Amino acid sequence: MRIPNSTYRIQFSSEFPFKSAEKIVGYLAKLGITELYASPIFKAKSGSTHGYDVVDPTQINPELGGQAAFDQLVSKLQSHQLGWLQDIVPNHMSYDANNLYLMDVLENGSDSDYVQYFDLAWNSPFGSSQEPILAPLLGDFYGSCLENGDIQIQYDQNGLTVNYYSLKIPLKLESYSTFIASNLGKLAKSLGRRHPDFVKLLAVLFVLRSLPSESGGKQRQDQSEFVKGMLWELYESNSEVKAFIDDNIRFFNGEAGNPRSVDLLDKLLSEQFFRLSYWKVGAEEINYRRFFTVNELISVKVEELKVFNETHNFLSQMVEQGKFTGLRIDHIDGLYNPKEYLARLKEKNPETYIVAEKILQPGEDIPKNWNIQGTSGYDYLNYLNSVFCDIENEEKFDRIYQAIQERSLDFEQVALEKKHLILDKNLAGDLDNLAALLKDISLKDRYGNDFTINGLKRAIAEVLTQFSIYRTYTTEAGVSDSDRTYIQTAIETARENAPFSQKELDFLEKVLLLDYDDSLIQTDKDKWLYFAMRVQQYTGPLMAKGVEDTAFYVFNRLISLNEVGGDPGRFGISAAEFHQFNQYRQQHWHTAMNASSTHDTKRGEDIRSRLNVLSEIPDEWQAQLQKWRDLNSEHKVRGKRGHMPSANDEYAFYQTILGAYPFQESEMPGFVDRIEQCAIKSIREAKVHTAWLRPNQPYEEACSNFVKAILNSDRFLTEFLPFQQKIAHYGLFNSLSQTLIKLTSPGIPDIYQGSELWDLSLVDPDNRRPVDFELRASFLDEIQASTDRLSLIQKLLATRQTGQIKQFLITQVLKLRNQYASTFLNGDYLPLEVTGKFKNHIIAFARKDSEKTIVTIAPRFFSRLIQVEQLPIAEIWEDTAIALPGTSWRDAIADIEHNGEAVFVKDILKYCSIALLRD
């Protein structure tokens with residue numbers, strides 16, 4: 001197995017295809033990267049900017065350059081000894097016309113060869129309902145779209161389709177009979193009933209009307225090919241048949257604004273295997289599993305072996321050919337049976353490095369029976385970020401935030417409320433589906449026979465909201481001890497909150513714990529297991545949407561802590577806890593990834609590094625806040641429910657601007673627009689004053705105007721910029737320390753595209769902006785051309801706003817990692833003792849094996865160490881010292897020697913703010 005030594009994440013798109021990546025391979029190699037880490041590259045929805053909306057997992061995305069350009073890029077990478085870590089999407093595909101598997105299901109219903117591919121309610125092993133598959137993709141009510149002429153049928157070589165902008169769905173074969181029969185008499189008169197082409201048309205009609213009610217997939221496919229082929233041949237060869245079909249298309253499509261003229265089209269659509277509807281309908285009537293609450297992403301039943309093989313064979317070919325050297329699994333918690341999936345994936349790709357996107361809560365671990373190398377690093381990200389938050393000031397921040405809110409706000413309570421909101425508004429249809437399954441189970445139980453669907457729904461909702469982790473992993477093998485604890489804890493808390501649902505909760509507990517009654521036959525046990533495993537697929541989406549995508553935008557005490565996989569209720573961690581985490585990681589998951597910025601993060605790593613400085617200076621932060629609020633009160637608007645924006649949103653805006661304000665004046669023209677877009681997304685995600693489902697135009701306009709007004713106000717900027725520059729100064733050194741720790745901790749360091757310079761990106765799509773690789777390459781050339789290390793460091797610190805100092809650090813550390821790969825991969829993790837006045841300001845540890853000892857020294861909490869524009873080096877450290885596991889050392893950063901087992905920090909950090917020593 002090839003284990004990466006470092007990875008570099010690339011977000012591929014039509015704006016950055018394979019040919020663009022080919023140009024930077026040399027740069028990545030010189031930077032010290034060993035693996036290109038690619039966003040999904042299989043054929044995706046047209047115009048996709050991220051690749052997670054896959055339409056065909058059996059071919060390389062042509063918009064990225066296709067197979068030939070991909071192969072050329074791989075060849076270039078291999079010539080530089082770089083591997084390829086590929087992000088894959090087993091959970092879902094795009095609900096799109098180019099998803100031919102799905103289109104076949106929508107056209108042929110249960111007769112489709114691909115009906116097992118998608119997670120459809122009608123495909124439940126215990127259901128008999130075959131209601132139309134919902135297509136909640138319309139921008140307005142179905143009736144309005146129909147009468148406005150937005151929904152039209154069209155005809156081409158592939159047959160009849162219904163079209164709504166880019167959406168194009170084939171009509172069922174039976175509909176051709178209705179279509180052809182309309183106005184057929186007119187064609188008979190013009191063409192003649194005995195005309196060979198008219199006779200052929202009648203033959204087509206006869207076949208359509210003779211279709212058996214149930215036909216096998218192959219039989220139906222043959223009939224479909226005959227009908228479509230004959231019809232197209234007539235359309236192409238006979239002008240009168242062509243005119244007849246074109247006239248019928250116009251006849252069915254009717255006239256915009258004339259409701260009666262679309263009655264035939266309405267009736268035709270009502271007979272399909274799908275049902276077009278307003279996108280908001282998906283929240284309450286969904287009958288397919290989605291990715292979270294995204295209607296446009298329909299989930300795949302990858303647990304079916306046939307589906308697994310169909311969607312993974314091409315992937316495995318790329319692995320066998322050495323083109324992919326590692327795999328990253330997206331949203332593994334969405335899968336029906338992750339353990340089984342991983343076993344199959346490993347069987348197909350036995351010697352392949354595999355990590356999974358898995359969100360872990362504090363104290364939670366990856367299931368030990370998963371055959372993977374670890375997570376993609378969100379757990380590491382939050383521990384790393386939290387150690388730069390000063391835990392001693394939590395009470396002061398609570399008081400500041402309480403004063404802003406004019407009330408106390410508890411994160412756990414906010415999270416609980418928002419989970420309930422998501423269940424009620426966004427996942428209501430999914431909850432109904434779960435309740436229907438449990439109702440069917442309860443009818444077979446004498447104690448559950450009287451349960452109502454609403455009573456069961458309330459019980460399920462209460463339990464779902466109480467889970468403290470993303471999901472459990474019950475299978476036919478049973479419930480693990482740790483999962484049993486999580487389930488019982490959720491049930492017990494639900495009992496306290498829902499005193500009138502005790503009986504339903506007792507029954508639900510039995511089912512979730514698979515506490516089967518002796519009287520149950522195997523079919524009934526299968527239903528219990530199916531329900532329990534279904535529930536597991538919804539706790540994750542509820543956590544993601546309720547907590548990370550809602551509560552994280554409401555609880556704004558310190559938004560650097562509001563990061564994917566994080567817990568804003570925990571105000572930082574101690575150095576000791578960080579060391580304990582790293583020690584456990586080295587023992588159990590030393591090949592997992594270490595992330596600091598990703599395509600999912602809500603704020604770039606250097607924004608968080610800045611905002612963590614606020615945790616050190618609560619009094620000054622509070623004073624600045626009051627000045628800004630007083631100064632900008634004139635830009636707020638009085639609404640029915642108070643001022644707009646609210647105090648909470650205004651508080652978050654200031655943090656966002658502080659964190660993201662650019663170093664370079666050249667970046668200012670687009671900055672206001674970026675902040676405005678981020679602000680609108682944030683308040684919609686919060687779902688307090690506005691939301692995606694119900695936009696509040698006055699509130700959104702007030703927030704947009706407020707952001708633009710203050711960022712164009714000389715009065716505000718005069719007051720704001722000195723403080724912002726102070727925060728940026730300290731945050732810059734936080735960033736260097738954070739980068740060094742990430743690169744040397746147990747695990748595989750990952751660098752998100754462009755973040756080798758300062759990463760001041762906001763939430764997506766802002767973090768997918770183009771990266772200036774030419775600038776980065778020129779910076780690296782300057783660094784590598786320098787022969788005087790101390791002069792170079794002095795220059796880079798003097799021009800630190802460019803970010804070149806961060807790139808220099810990364811290059812030097814990766815050079816050492818590549819030289820001593822085994823030490824970093826397998827070496828022990830040893831926390832080092834720090835003494836003296838500023839001992840709490842140093843994170844120090846050693847990586848040690850039989851060959852080498854390497855020591856990381858990274859300061860923090862700079863606001864209590866130095867003044868603005870002062871460097872955290874030399875004498876400012878006074879008597880602070882570190883006990884080193886050796887006596888002779890060379891600093892890989894400054895390239896100078898140090899001697900002695902106890903070394904003063906002022907001597908180690910004489911030229912640079914961080915140090916990396918090797919014996």
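Quick caveat, the model's predicted, so the values are computed rather than measured. Note: hydrogens, waters and symmetry copies are ignored here, and every other heavy atom, side chains too, is used.
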Ion pair present between [X] and [Y], side-chain N to carboxylate O less than 4.0 angstrom?
| X | Y | value |
| --- | --- | --- |
| Arg289 | Asp430 | no |
| Lys687 | Glu685 | yes |
| Asp549 | Lys602 | yes |
| Glu174 | Arg220 | yes |

Measure from the side-chain N and O atoms of [X] to the backbone N and O of [Y], and report whether any donor-acceptor pair falls under 3.5 Å.
| X | Y | value |
| --- | --- | --- |
| Asp266 | Val262 | no |
| Ser682 | Cys678 | yes |
| Thr601 | Ser597 | no |
| Tyr752 | Asn767 | yes |
| Tyr699 | Ser646 | yes |
| Asn696 | Ala691 | no |
| Asp156 | Gln154 | no |
| Asn99 | Tyr95 | no |
| Ser13 | Thr49 | no |
| Thr550 | Lys545 | yes |

I'd like to know if the side chain of [X] pairs up with that of [Y] as donor and acceptor (distance under 3.5 Å, no hydrogens or angles considered).
| X | Y | value |
| --- | --- | --- |
| Asn454 | Thr452 | no |
| Asn248 | Ser182 | no |
| Glu63 | Ser48 | no |
| Ser704 | Glu676 | yes |
| Arg9 | Thr598 | no |
| Glu310 | Tyr114 | no |
| Glu131 | Asn287 | yes |

Side-chain contact, heavy-atom cut-off 4.5 Å: [X] with [Y]?
| X | Y | answer |
| --- | --- | --- |
| Phe411 | Val547 | yes |
| Val281 | Leu134 | yes |
| Asn91 | Val302 | no |
| Phe555 | Lys418 | no |
| Gln221 | Asp113 | yes |
| Leu437 | Lys527 | no |
| Tyr52 | Asp87 | yes |
| Tyr553 | Val763 | yes |

May I have the step-by-step check of side chain to side chain contact (heavy atoms under 4.5 Å, CB included) for Asp440 and Phe531, ending in yes or no? CA-CA 10 Å; Asp440 182 54; Phe531 173 79; over 6 Å; no
To the nearest 0.5 Å, tell me how far [X] [atom1] sits from [Y] [atom2].
| X | Y | atom1 | atom2 | answer |
| --- | --- | --- | --- | --- |
| His599 | Ser761 | NE2 | OG | 14.0 Å |
| Asn497 | Gln466 | CG | CD | 5.0 Å |
| Leu265 | Phe179 | CG | CZ | 11.0 Å |
| Lys45 | Asn61 | NZ | CG | 13.5 Å |
| Ile286 | Asp432 | CD1 | CG | 11.5 Å |
| Ile559 | Phe552 | CD1 | CZ | 12.0 Å |

For Phe706 together with His643, are the ring centres under 6.0 Å from each other?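 Not under 6.0 Å, so no.
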According to ring pair (Phe, Tyr, Trp, His ring centres under 6.0 Å), does anything in residues 130-161 pair up with another residue at least two apart or in another chain? List the pairs.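 The answer is Phe141-Tyr278, Tyr155-Trp232, Tyr155-Tyr235.
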Which atom names give the shortest non-hydrogen contact between [X] and [Y], and what distance separates them?
| X | Y | answer |
| --- | --- | --- |
| Ala494 | Glu462 | CB-CG, 3.6 Å |
| Thr539 | Gln536 | OG1-O, 3.3 Å |
| Leu512 | Ala532 | CD2-CA, 4.0 Å |
| His50 | Pro40 | O-CD, 3.7 Å |
| Pro259 | Asp263 | O-OD1, 3.5 Å |
| Arg694 | Val688 | NH2-O, 4.3 Å |

Start with the C-alpha distance between Leu276 and Tyr164, add both sets of side-chain angles, then the distance that settles side chain to side chain contact (heavy atoms under 4.5 Å, CB included), and finish with yes or no. CA-CA 10 Å; Leu276 291 172; Tyr164 176 78; 5.7 Å; no
In this structure, which one of Phe308, Tyr336, Tyr473 forms a ring pair (Phe, Tyr, Trp, His ring centres under 6.0 Å) with Tyr341?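 When Phe308, Tyr336, Tyr473 are each tested with Tyr341, the ring pair (Phe, Tyr, Trp, His ring centres under 6.0 Å) holds only for Phe308.
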His92: which of Tyr288, Phe292, Phe291 passes ring pair (Phe, Tyr, Trp, His ring centres under 6.0 Å):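 Checked Tyr288, Phe292, Phe291 against His92; only one passes ring pair (Phe, Tyr, Trp, His ring centres under 6.0 Å): Phe291.
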For the [atom1] atom on [X], are there more than 12 heavy atoms of other groups (residues, nucleotides or ligands in this structure) within a distance under 6.0 Å?
| X | atom1 | answer |
| --- | --- | --- |
| Glu271 | CD | yes |
| Lys425 | NZ | no |
| Gln59 | CD | yes |
| Arg641 | CZ | no |

Which residues pass the ring pair (Phe, Tyr, Trp, His ring centres under 6.0 Å) test with Tyr651, sequence neighbours left out?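 Ring pair (Phe, Tyr, Trp, His ring centres under 6.0 Å) check on Tyr651 returns Tyr401, Trp621.
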Give me the one residue out of Arg534, Arg290, Lys301 that meets salt bridge (Lys or Arg N to Asp or Glu O under 4.0 Å) with Asp119.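 Answer to the salt bridge (Lys or Arg N to Asp or Glu O under 4.0 Å) test with Asp119 among Arg534, Arg290, Lys301: Arg534.
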Would Tyr165 and Leu137 count as a side chain to side chain contact (heavy atoms under 4.5 Å, CB included) if you check the C-alpha gap in whole Å, the side-chain angles of each, and the deciding distance to 0.1 Å? CA-CA 10 Å; Tyr165 296 96; Leu137 305 170; over 6 Å; no
Before you tell me yes or no, could you show the steps for Ile607 and Thr656 under side chain to side chain contact (heavy atoms under 4.5 Å, CB included), namely the whole-Å CA-CA distance, both residues' side-chain angles and the distance that decides it to 0.1 Å? CA-CA 8 Å; Ile607 290 181; Thr656 300; over 6 Å; no
